[in-house]
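These notes are about the structure you will find just below.
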Amino acid sequence: MRKSILITGGAGFIGSQVVRLFVNKYPDYTIVNYDKLTYAGNLENLRDVENKPNYHFVKGDILDVELALKTVQKFNIDGIIHLAAESHVDRSIHNPDEFAVTNIIGTIRLLKAAQTAWNDNYDGKMFYHISTDEVYGSISTGYFTETTSLDPRSPYSASKASSDHFVLAFNNTYGLPAMISRCSNNYGPYHFPEKLIPLMINNMVNNKPLPVYGKGENIRDWLYVEDHARAIDAIFHKGKAGEIYNIGGNNEWTNIDVVKLLCRIVDKKLGREEGTSAKLITFVKDRPGHDLRYAIDPGKTISETGWRPETAFEDGIEKTVDWYLNNENWLKNVTSGAYLQYYNTMYANR
Ligand code: NAD
Ligand code: DAU
């Protein structure tokens, strides 16, 4: 049984839910959150667990192989759940190098730290890499399975696909026990408001235009973030080295339908006349190379681990809107300073 776990990127959107779940569910495990705290990492996301005796935080960069190695050794880490990454597709289009450095080189450095610390004694050890359905590319009909060929089409997905290959190469070449899961689009609390759903909620609240790329016909399969965290828990405990597991919600929506749904919920919650927020919808220049549709088949994960999604989209999206309306300060903090500069540059010429 693996009981001392390093979670990289634990201060981010998904990582903080994984940390929260493991800290609360496994009080006898040691949970170490290893995070550099980039613009996307925020210790505010973990206020409710930061004083628990089984939780530890190390401010560290996955590129810093010495610190990663020391941390794995110090805490006798036997399981690594690797989420740290640059995660936003639009940013990758403007700055691909940063994505290659963090997502590819960073993952290789972390693999090397695990390999060195475990020193060929791989009994009971596991390196679990969190990846994305975007590595499969865009699919017009049918679903991605674990054997679908990789066809990454953005700098972000190219960097994630490359890191996936390195994880499997370390498993094949050096025998490092490693596995991967690939998940569809997550949504929920603590989602950084550069991503579609929180960006739209934030703009509705502030009466700002709602920038829908292209015609809004692109399709994503949305999964509530707590469901993803539970899938990671199930795979961490039941998954096998060398394997890949797909995770998704079987919940496909066009972007425009998601935005219209959000408009209706926000109007209702803010007591606005129906249709007020929808007037803010603005069709803007499309994302270059914009993938049309992602759709993932999570059948293997369901049959091999017993996991399944539990949160219906309508419930999850309502909880998400409530969370953002009740956490104005969080939203204000993360959208001040550098974020404003990013937002203005990104949307100025669209
Ligand atoms: P996020 O951007 O919210 O968080 C990323 C975290 O990684 C932040 O806390 C950041 O500080 C940290 N980080 C970045 N670079 C680092 C470095 N060099 N060293 C240490 N820490 C660093 O990302 P997210 O949306 O929570 O995604 C987490 C992981 O899940 C990523 O690997 C992403 O590719 C994958 N994923 C995301 C989604 C999604 O819908 N958000 C879906 C599938 C897979
Ligand atoms: O599929 C999993 C991936 O989902 C993860 O690997 C990524 O880390 C995560 O960011 C997400 O990528 P997307 O590009 O799908 O998410 P994003 O929220 O950026 O965009 C969702 C859709 O909404 C996409 O088709 C682009 C569109 N969009 C996005 C923004 C930010 C808009 O129309 N307007 C916007 O302002």
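Only this structure's heavy atoms are used, side chains among them; waters, hydrogens and symmetry mates stay out. Note that ligands are numbered from 1 as they come in the structure, with each ligand's atoms numbered from 1 the same way.
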Check this for me - ligand 2, [X], N or O atoms closer than 3.5 angstrom, yes or no?
X	result
Asp90	no
Trp222	no
Arg287	yes
Val212	no
Ser184	no
Asn218	no
Glu194	no

Mode of Leu199 contact toward ligand 2 - side chain, backbone, both, neither (heavy atoms, under 4.0 Å):
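Just the side chain.
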What part of Leu196, side chain, backbone, both or neither, has a heavy atom within less than 4.0 angstrom of ligand 2?
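Leu196 to ligand 2: contacts from backbone and side chain alike.
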Specify the protein heavy atom at minimum distance from [atom]: its residue, its atom name, and the distance to 0.1 Å.
atom	answer
atom 4 (O) of ligand 1	Gly12 CA, 3.5 Å
atom 43 (C) of ligand 1	Cys183 O, 3.4 Å
atom 2 (O) of ligand 1	Ser87 OG, 2.7 Å
atom 3 (C) of ligand 2	Glu134 OE2, 2.9 Å
atom 34 (O) of ligand 1	Tyr156 OH, 2.6 Å
atom 22 (C) of ligand 1	Ala84 CB, 3.6 Å
atom 28 (C) of ligand 1	Leu83 O, 3.5 Å
atom 42 (C) of ligand 1	Ser184 O, 3.3 Å
atom 3 (O) of ligand 1	Phe13 N, 3.1 Å

Using a strict 4.0 Å threshold on nitrogen-to-oxygen distance, state whether [X] and [Y] make a salt bridge.
X	Y	result
Glu194	Arg91	yes
Lys125	Asp78	no
Asp61	Lys36	yes
Lys240	Glu243	no
Glu310	Arg230	yes
Arg264	Asp267	no
Asp233	Lys25	yes
Lys269	Glu318	yes

Hey, what's the ring geometry for Phe75 with His56, parallel, tilted or perpendicular (30° and 60° as the breaks)?
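If you compare the ring of Phe75 with that of His56, the planes turn out tilted.
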Looking only at non-hydrogen atoms, find the nearest pair between Asp35 and Gly12 and report the distance.
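So the two residues come closest at OD2-N, 3.9 Å.
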Counting distance only, does the side-chain N/O of [X] pair as donor-acceptor with the main-chain N or O of [Y] below 3.5 Å?
X	Y	result
Thr276	Arg272	no
Asn203	Leu210	no
Asn33	Gly10	yes
Arg20	Asn45	yes
Lys160	Ile130	yes

With atoms numbered from 1 as shown, which atoms in ligand 2 lie under 4.0 angstrom from a non-hydrogen atom of [X]?
X	answer
Asp133	1 (O), 2 (C)
His88	19 (O)
His290	24 (C), 25 (O), 26 (C)
Lys195	10 (O), 18 (O)
Pro211	32 (C), 33 (O), 34 (N), 35 (C), 36 (O)
Tyr156	5 (C), 6 (O), 7 (C), 8 (O)
Thr132	1 (O), 2 (C), 3 (C), 5 (C), 6 (O)

Would you say ligand 1 has an N or O under 3.5 Å from any N or O of [X]?
X	answer
Lys36	yes
Asp61	yes
Leu63	no
Glu86	no
Lys160	yes
Asn186	yes
Ile14	yes
Asn42	no

One pair to check against ring-ring contact (aromatic ring centres under 6.0 Å, His included): His237 and Tyr26. What are the steps and the verdict?
CA-CA 12 Å; His237 288 97; Tyr26 303 110; 5.0 Å; yes
Can Lys160 be said to touch ligand 2, with heavy atoms closer than 4.0 Å?
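Not so, Lys160 does not reach ligand 2.
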More than 12 heavy atoms from other groups under 6.0 Å of CG on Asp123
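Atom CG in Asp123 is not crowded, with 12 or fewer foreign heavy atoms closer than 6.0 Å.
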Which is closest to atom 22 (C) of ligand 2 in terms of heavy atoms, Asn255, Asn203, Asp286?
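When every heavy atom of Asn255, Asn203, Asp286 is considered, Asn255 comes closest to atom 22 (C) of ligand 2.
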Between Tyr213 and Lys285, is there a cation-pi geometry (under 6.0 Å to ring centre, at most 45° from the normal)?
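Checked: cation-pi criterion not met.
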Face-on cation placement of Arg293 at Tyr143 ring, 6.0 Å and 45° thresholds:
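Yes, a cation-pi geometry holds between Arg293 and Tyr143.
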Knowing that exactly one of Tyr342, Tyr343, Phe192 qualifies, which makes a ring-ring contact (aromatic ring centres under 6.0 Å, His included) with Tyr39?
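For Tyr39, the ring-ring contact (aromatic ring centres under 6.0 Å, His included) test succeeds with only one of Tyr342, Tyr343, Phe192, which is Phe192.
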Check each heavy atom of Leu37 against ligand 1 and say whether those closer than 4.0 Å belong to the side chain, the backbone, both or neither.
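Backbone only.
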Counting heavy atoms only, which part of Asn185 comes closer than 4.0 Å to ligand 1: side chain, backbone, both or neither?
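Answer for Asn185: backbone.
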Taking the six-membered ring for Trp and the single ring otherwise, decide whether the centroids of Tyr224 and Phe313 are under 6.0 Å apart.
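When the ring centroids of Tyr224 and Phe313 are compared, they turn out to be at least 6.0 Å apart.
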